[in-house]
Amino acid sequence: MSKLKLGLASIVAAGFVVGGLPYITKSSIDSIISEKKNELIDKGLDLKVTNHKGYFESQRDIEIKFTNTVKLLDYISNETQIDLETLNSLTKNGMIFNEISFKGTMNNSNLFPSKVKVELILDQLPEDLQNTMSENIHLKNFIKELQLNAHFNTEGQLIYVSLNDLVIQDKDIVAKILKPEMKIENNIYETSIQNITFNLSKTSEYLLVYFDGIKDKLIYTDDFNFDEKAKIETIKFHLKQQQRASIEDLKYESSQNFLNTTMATKDDQVSINTDYIFNDITLNAKSLHTKIDKFALGINMTNISEQPLRILSDSFSDDYKLQQNLEPKLQEIINNGFSINLNSHIKNIKNNNLSAKDISIDLNMDIKKNDISKYANNAYILQYIDIKGKISLDNQTVTQLSQTLPIGRYNTNVQKEKSIFDIKLEKNSFYINGKKL
């Protein structure tokens with residue numbers, strides 16, 4: 001009998017826990033909403049919960065309005081680095097925001113809390129835009145379908161954001177951004193976009209900009225310490241224009257494109273490393289037809305002075321500050337010295353004039369501490385610059401280039417399948433394989 005009582009007591013206790021958990025979760029979410037409301041107030045926005053229903057599953061109806069345009073524009077300026085004067089001009093001193101509001105829903109499980117889902121759509125629009133929409137069905141459909149989806153964890157941190165497909169089609173223009181989304185975990189931001197297309201088609205002009213299969217991963221500490229890796233499956237560009245009696249026609253296509261950037265700060269010095277890789281390139285322009293199996297380019301800058309670079313970076317949000325700081329801070333960066341490494345690799349390039357199997361370039365440039373000014377002559381500047389490196393060409397390419405360029409006298413380091421050209425800047429003179437240029 002005691003075991004039966006104990007079992008019943010356990011069931012009752014479990015029932016109280018299960019029954020009370022949704023209330024606890026709801027209270028916790030309400031507290032987070034209140035905190036976020038205060039944060040938004042500081043940014044010039046007002047969040048209101050207009051309705052709530054559900055116990056085990058909560059659904060809140062929400063609306064967001066712009067209430068303080070001064071705070072809002074300050075926030076936008078800080079986040080986008082756009083100066084306030086430009087923002088005021090674009091937004092009629094912020095008045096345009098007074099005519100815009102959003103509405104949506106906020107959903108979460110109170111029994112198994114893991115995330116809060118938010119869906120937002122435009123509710124009110126400026127009168128000018130409403131009038132334009134009434135005359136343009138494509139714009140009206142675009143605005144109607146515009147929806148922001150966001151997920152927050154139970155601590156109120158944003159962990160996912162996406163937009164519905166953005167499609168604008170009007171007369172000669174088609175613009176699409178398909179399936180844009182971002183996942184956020186700690187300081188890691190993973191973005192993917194299925195496709196970006198811009199297509200302009202007129203009688204005298206045709207333009208296509210096409211990116212397919214975009215993925216980006218950003219590990220972010222701050223603006224001067226981050227690591228970003230991006231991949232684009234396919235890039236296409238096509239421009240065709242009628243130029244009086246002739247037609248300009250430029251086409252570009254490549255696949256498996258990689259773009260990587262790393263920025264790091266240590267001991268008051270900044271390093272910036274960028275690497276680009278493009279595969280299966282096709283480039284056609286007029287009578288020039290070029291194919292490249294692989295093109296890789298790396299630009300690495302080290303020992304850049306941190307303080308003037310930070311001041312310069314912070315100035316981009318203010319035109320006046322930028323005008324005041326651009327020249328002196330660039331001058332300071334140059335005077336303190338830095339190093340650049342440039343490396344490139346081209347595999348199997350073919351066009352009307354050249355057929356090369358393998359071209360590699362690796363150059364290092366060191367700018368020593370100096371007192372160079374913008375008035376300095378070239379000879380004075382070169383005494384503070386050291387350049388060393390090498391260019392490697394397959395022997396077939398050397399043979400072809402020798403027909404039009406005087407490189408034979410410098411070709412003293414011939415190996416089995418390639419020739420090496422050592423490059424050096426010394427005492428204001430360039431040398432190739434020890435011979436003065």
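Just so it is clear, the values below take in all heavy atoms, side chains as well, and ignore hydrogens, waters and symmetry mates.
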Exercise. Taking everything shown except K388 itself, do over 12 heavy atoms lie less than 6.0 Å from its NZ?
Worked result: no
For this session: Please name all residues satisfying salt bridge (charged side-chain N to carboxylate O under 4.0 Å, His left out) with K229, sequence neighbours left out, ordered by chain then number.
Result: D227
For this session: Look at atom CD of Q383 and say whether more than 12 heavy atoms of other residues, nucleotides or ligands are closer to it than 6.0 Å.
Result: yes
Exercise. side-chain contact (heavy atoms from CB on, under 4.5 Å) with L45: which of I64, T67, N68?
Worked result: I64
For this session: May I ask you to decide if T265's main-chain N or O and N225's side chain share a donor-acceptor pair within less than 3.5 Å?
Result: yes
Exercise. Hey, is CD on Q331 packed in by over 12 heavy atoms from elsewhere, all under 6.0 Å?
Worked result: yes
Exercise. Does atom NZ of K43 have more than 12 heavy-atom neighbours, drawn from other residues, nucleotides or ligands, at distances under 6.0 Å?
Worked result: yes
For this session: Output, in order, the C-alpha distance, side-chain angles, deciding distance and verdict of salt bridge (Lys or Arg N to Asp or Glu O under 4.0 Å) for D46 and K37.
Result: CA-CA 7 Å; D46 180 44; K37 178 181 174 68; 2.9 Å; yes
Problem set entry | Sub-4.5 Å side-chain heavy-atom contact between N199 and L207 | no
Exercise. Short question: side chain of N352, backbone of H289 - any donor-acceptor pair under 3.5 Å?
Worked result: yes
For this session: Look up atom CD1 in I292 and atom CD1 in I349, then write down how far apart they are to the nearest 0.5 Å.
Result: 4.0 Å
For this session: Inspect the surroundings of NZ in K183 and state if more than 12 heavy atoms from other residues, nucleotides or ligands are less than 6.0 Å away.
Result: no
Exercise. Under 6.0 Å between ring centres, would you say that holds for Y252 and F237?
Worked result: no
Problem set entry | Donor-acceptor contact present, side-chain D394 to main-chain K357, <3.5 Å | yes
For this session: Look at the side chain of K48 and the backbone N and O of E63, then say whether any donor-acceptor pair between them is shorter than 3.5 Å.
Result: no
Exercise. Would a 4.5 Å heavy-atom cut-off, applied to side chains only, mark S313 and F224 as touching?
Worked result: yes
Exercise. Just by distance, do the side chain of N348 and the backbone of D293 share a donor-acceptor pair under 3.5 Å?
Worked result: no
Problem set entry | Test item: N279 side-chain N/O and Q256 main-chain N/O as donor-acceptor pair under 3.5 Å | yes
Problem set entry | Polar side-chain atom of N88 near backbone of T86 as donor-acceptor pair, under 3.5 Å | no
For this session: Flag the pair D249 / N284 as yes when at least one side-chain heavy-atom distance between them is below 4.5 Å, and no otherwise.
Result: no
For this session: Mark yes or no for whether N93, through its side chain, and M95, through its backbone, hold a donor-acceptor pair below 3.5 Å.
Result: no
Seminar exercise, completed: Separation between CD1 (I159) and CG (N186), nearest 0.5 Å, reads 11.5 Å
Exercise. Checking D358 side chain against K347 main chain: does a donor-acceptor pair fall under 3.5 Å?
Worked result: no
Exercise. Considering residues, nucleotides and ligands other than E205, do more than 12 of their heavy atoms fall under 6.0 Å from its CD?
Worked result: yes
Problem set entry | Close side-chain approach of N341 and L363, heavy atoms under 4.5 Å | no
For this session: Give, for atom CG of L148 and atom CG of L120, the distance between the pair rounded to the nearest 0.5 Å.
Result: 5.5 Å
Problem set entry | Min side-chain heavy-atom separation T262-N260 under 4.5 Å | no
For this session: Could you tell me whether the side chains of R60 and N107 share a donor-acceptor contact shorter than 3.5 Å?
Result: no
For this session: Using a 4.5 Å cut-off on heavy atoms from C-beta on, say whether the side chain of I385 contacts that of I381.
Result: yes
Exercise. What orientation do F278 and Y276 show, parallel under 30°, tilted 30 to 60°, or perpendicular over 60°?
Worked result: parallel
For this session: Measure up the Y220 and Y189 rings against each other and bin them: parallel (under 30°), tilted (30 to 60°), perpendicular (over 60°).
Result: perpendicular
Problem set entry | Side chains of F102 and D123 in contact at under 4.5 Å (non-hydrogen atoms) | no
Exercise. Within the side chain of D267, is there an N or O that forms a donor-acceptor pair under 3.5 Å with the backbone of Q269?
Worked result: no
For this session: For Y160, check ring-ring contact (aromatic ring centres under 6.0 Å, His included) against everything at least two apart and list the hits.
Result: H151
Exercise. Is there a side chain to side chain donor-acceptor pair (under 3.5 Å) between D212 and T234 once you walk through the steps?
Worked result: CA-CA 5 Å; D212 195 66; T234 305; 4.9 Å; no
For this session: Report yes if some heavy atom in the side chain of I372 is under 4.5 Å from a heavy atom in the side chain of Y384; otherwise report no.
Result: yes
Exercise. Is the number of heavy atoms from other residues, nucleotides or ligands within 6.0 Å of NZ (K368) greater than 12?
Worked result: yes
Exercise. Can E332 and K329 be counted as an ion pair, charged N to O under 4.0 angstrom?
Worked result: yes
